[in-house]
Amino acid sequence: MAMNSFRRDFITKPIFSWARGVLPSMSATEREALEAGDVWWDAELFTGNPDWTKLLAVPPAILTEEERAFLDGEVDELCRMLDDWKINWEWRDLPREVWDFVKRKKFFGMIIPKEFGGLGFSPYAHSEVVRKLSSRSIAAAVTVMVPNSLGPGELLMRFGTREQQERWLPRLADGRDIPCFGLTSPEAGSDAAAMVDSGVMCKGEFEGREVIGLRLNWHKRYITLGPVATLLGLAFKAYDPDHLVGHQDELGITVALIPTHLPGVRIGRRHLPSMQVFQNGPNWGEDVFIPLDYIIGGKARLGQGWQMLMTALAAGRGISLPSLSAAGAAFAARATGAYARIREQFNIPIGKFEGIEEPLARIAATAYLLDAARRLTCAALNAGHHPAVISGIMKLHATERMRIAIDDAMDIHGGKAVIDGPQNYLGSIYRAVPVGITVEGANILTRNLIVFGQGAIRAHPYLLQEMNALADSDRKTGLDAFDTAFWKHVGHSITTLFRAWGRSWTFGIFAPAPEAGSATGHYRRLSRYAAAFALCADVALLTLGGALKRKEMLSARFGDILSELYLLSAALKRWQDEGRQAEDLPLLEWCMASGCRTIENRFAEIIANLPNRFVAGLLKFAVQPFGSRVLGPSDRIVHQCAQILLAPSAARDRLTPDLAAVDDDGPVARLEKALRLVVAAEGIVKQLRAARLRDPAEAVKKGVITQSDADRLIAAHEAAAKVIEVDDFAAEALSPIAGKPADVHQFFQQLGEQRAAS
């Protein structure tokens with residue numbers, strides 16, 4: 001005890017005083033964002049010594065019988081009702097029968113408990129529904145996912161009073177009310193503190209009686225479902241200048257429910273986000289009066305809006321956009337592989353060219369990785385976790401990697417994907433990519449400030465304890481708490497130093513790993529990188545302190561490493577959960593090689609850019625003595641991954657399960673049919689080539705093939721030709737000012753005569 005007192009008073013106290021002086025100030029919104037949600041596997045990675053048995057013990061996310069029936073029944077039925085070309089280019093909206101169907105079948109109430117009339121589905125079921133719909137129609141998927149994500153429903157379930165829940169949740173569940181949520185305004189996007197939308201406490205008349213309430217004025221934009229919403233969730237700053245409810249003038253960000261029929265509410269105008277026609281638009285409120293009981297959670301929740309939003313977002317960001325992105329990558333993999341097998345150049349399927357194999361493999365492995373991470377995140381959500389940092393990782397990397405997969409798919413399809421029309425199955429999702437990247441916070445902000453900035457504080461074993469101790473208004477209590485946390489941190493750092501040094505110099509050969517067959521070495525490699533990450537993070541925090549907050553490029557690189565560690569953990573977990581399928585091993589190998597290359601490159605970049613060059617040299621000696629050595633996937637792995645997509649197989653089906661049904665005569669159904677026919681006729685094609693013949697009829701006459709073979713070959717050729725077709729339109733169908741060809745010719749003739757005369 002005496003030794004501890006001596007340490008605290010003569011060693012810790014000066015450090016405590018110094019740290020209090022350099023600790024950067026933290027705004028209320030920053031603190032509330034940090035306190036939102038919880039930590040999970042990200043905290044295990046931050047220890048530098050992850051316990052892989054904990055990860056492998058996580059039950060895989062699965063559907064209940066009821067959820068599976070809904071996915072195979074109502075969701076498939078809805079998919080068959082969707083004509084994406086007409087939705088986007090003719091109707092500019094979902095047809096009325098689709099709106100009626102999603103309301104009647106409670107698509108808007110998937111997350112609402114059954115006691116309030118909802119479906120009571122798990123986060124994984126919610127994700128699966130969004131994923132399947134996204135592979136059919138982005139407009140339909142967004143329309144369904146928004147009411148089940150951040151919005152009135154989730155906020156009411158988490159923070160609403162019982163009376164509010166009983167009043168509003170049944171109406172949201174059965175579609176009597178269509179919800180939206182207004183957060184972003186012209187003045188405030190990522191910086192919520194800049195919000196100027198206001199609610200002033202006052203007395204007013206509501207439904208024939210005088211009550212204390214709020215008079216609201218706002219302008220919001222980018223609000224999905226806003227133009228058709230009947231119930232608007234609104235974020236604003238509350239003020240009480242007359243002290244009707246307390247002694248403060250400024251109460252802080254608050255969220256309330258606004259029925260859109262109230263006087264002063266203006267909705268209906270629409271945005272057109274990248275030619276995506278889901279309902280999205282601005283709304284305004286001018287002197288709109290609401291009673292206090294329209295505040296979500298009632299009077300007791302005044303000023304708690306930002307914390308409520310961040311807590312809800314911690315879960316929602318891990319479901320909606322990652323599901324849409326995983327669907328996009330899986331759809332790109334399935335469609336692009338089929339097209340690359342069907343489309344020939346120089347009498348060879350283009351998928352056989354090594355130049356095409358490289359992007360094909362990238363698409364396939366990206367689809368594998370994103371769905372692995374989606375499933376693992378849903379498993380955490382199913383278990384009751386609300387991992388804020390992991391949700392940020394998922395939104396950032398799912399949307400960014402969808403962009404890569406879709407760009408690769410567009411490149412391989414070439415003109416087929418560029419020419420729009422009913423036969424183009426990629427154009428809509430290509431245009432949707434920047435929308436997913438932009439919403440719920442720009443990816444640039446998430447990568448540079450949130451993933452590591454929030455993760456370092458929340459997921460680190462001791463940092464948040466130290467920060468809370470330093471911020472304690474009671475100096476003595478703070479010093480005691482800091483002394484305990486700080487010396488634990490020191491011991492942890494010393495252990496991490498030797499762990500990282502030993503694993504780096506031995507290439508992780510002795511790092512802990514579960515017995516996982518062919519994947520065992522990958523666990524060891526990630527154990528090595530986790531130790532190096534923990535050490536580098538501690539060194540950066542020690543040498544830069546609060547300045548690290550402003551070193552956004554360094555923070556982004558740390559965030560990239562943390563993200564890769566999580567995503568690669570998910571890939572390993574998927575391979576284990578699916579029974580270590582040998583056919584899928586190339587996909588895992590591609591993910592590991594690509595991810596480890598990124599990790600090693602980011603370590604090298606961090607070391608090269610740390611301001612303290614002496615410390616940087618020590619770090620290089622400890623964690624990267626031989627430099628960045630991983631080159632990425634080998635040509636052999638690239639070839640094996642590409643082959644998975646080029647023919648029907650169990651591996652291809654595992655990679656792209658539960659996409660929208662293709663039992664109609666649409667372009668995707670024709671693509672799948674053509675793939676089966678072309679692959680089945682491959683042997684016949686080889687017989688003709690060996691005989692140096694091209695005409696099936698001539699080959700039949702010469703006895704090279706049978707008439708049945710010729711019929712199969714012709715059917716394959718016709719199916720392939722149908723797939724390769726692109727759309728064309730009459731000029732007047734595309735332009736209301738288009739003239740007849742004769743008129744156009746006459747116009748240019750007259751123009752030429754005028755120029756000659758002048």
Side-chain angles (χ1 to χ4, degrees), residues 108-109 112 116-117 146-147 150-185 192 195-220 223 225-226 228-246 248 250-267 283-309 311-312:
F108 290 166
I112 295 176
F116 298 112
V146 166
L150 176 63
E154 186 168 6
L155 290 168
L156 282 167
M157 287 160 49
R158 289 178 178 272
F159 306 106
T161 65
R162 184 68 184 185
E163 181 182 358
Q164 289 173 338
Q165 292 171 344
E166 291 175 348
R167 177 179 181 181
W168 298 108
L169 288 179
R171 297 180 59 85
L172 292 170
D174 61 22
R176 280 176 288 168
D177 275 317
I178 297 176
C180 71
F181 193 84
L183 176 59
T184 303
S185 60
M195 188 183 302
V196 299
D197 309 293
S198 64
V200 179
M201 286 289 172
C202 62
K203 293 182 179 179
E205 186 173 314
F206 192 82
E207 296 181 350
R209 57 193 176 92
E210 186 180 68
V211 297
I212 294 176
L214 290 152
R215 192 162 301 281
L216 301 163
N217 287 275
W218 76 84
H219 174 196
K220 300 293 186 180
I223 310 306
L225 297 187
V228 296
T230 61
L231 186 64
L232 165 65
L234 184 73
F236 57 92
K237 286 184 176 179
Y239 301 90
D240 186 15
D242 297 328
H243 299 165
L244 296 177
V245 297
Q248 292 179 293
E250 298 184 12
L251 304 177
I253 296 174
T254 300
V255 292
L257 297 172
I258 317 295
T260 57
H261 69 267
L262 292 180
V265 178
R266 285 194 292 141
I267 65 169
N283 60 68
W284 300 262
E286 185 175 355
D287 291 334
V288 179
F289 183 79
I290 60 168
L292 284 182
D293 58 7
Y294 276 34
I295 297 169
I296 296 179
K299 176 182 173 182
R301 290 288 183 180
L302 271 168
Q304 297 183 22
W306 188 243
Q307 184 180 19
M308 293 161 62
L309 292 172
T311 300

Under 3.5 Å: donor-acceptor pair, side chain of [X], backbone of [Y]:
| X | Y | value |
| --- | --- | --- |
| Gln248 | Asp240 | no |
| Gln164 | Phe159 | no |
| Ser185 | Lys220 | no |

From [atom1] ([X]) to [atom2] ([Y]), nearest 0.5 Å:
| X | Y | atom1 | atom2 | value |
| --- | --- | --- | --- | --- |
| Gln165 | Ile112 | CD | CD1 | 10.5 Å |
| Asp197 | Ile253 | CG | CD1 | 10.0 Å |
| Phe116 | Asp174 | CZ | CG | 14.0 Å |

Inset, instruction - Give me the ring orientation class for Phe289 and Phe206: parallel if the planes are under 30° apart, tilted from 30 to 60°, perpendicular past 60°. - result: tilted
Inset, instruction - State whether the number of non-hydrogen atoms from other residues, nucleotides or ligands found under 6.0 Å of Glu166 atom CD is greater than 12. - result: yes
Inset, instruction - Grab the two heavy atoms, one from Asn283 and one from Ile267, that are nearest each other, plus how far apart they are. - result: CB-CG2, 3.7 Å
Inset, instruction - Taking the side chain as every heavy atom from C-beta outward, state whether Arg301 and Ile296 have any atom pair closer than 4.5 Å. - result: no
Taking only distance into account, with no hydrogens and no angle test, what donor-acceptor pairs under 3.5 Å do side-chain atoms of residues 198-205 form with protein atoms, sequence neighbours excluded?
none

Legend entry - Trace of the salt bridge (Lys or Arg N to Asp or Glu O under 4.0 Å) decision for Glu154 with Arg158: CA-CA 6 Å; Glu154 186 168 6; Arg158 289 178 178 272; 3.3 Å; yes
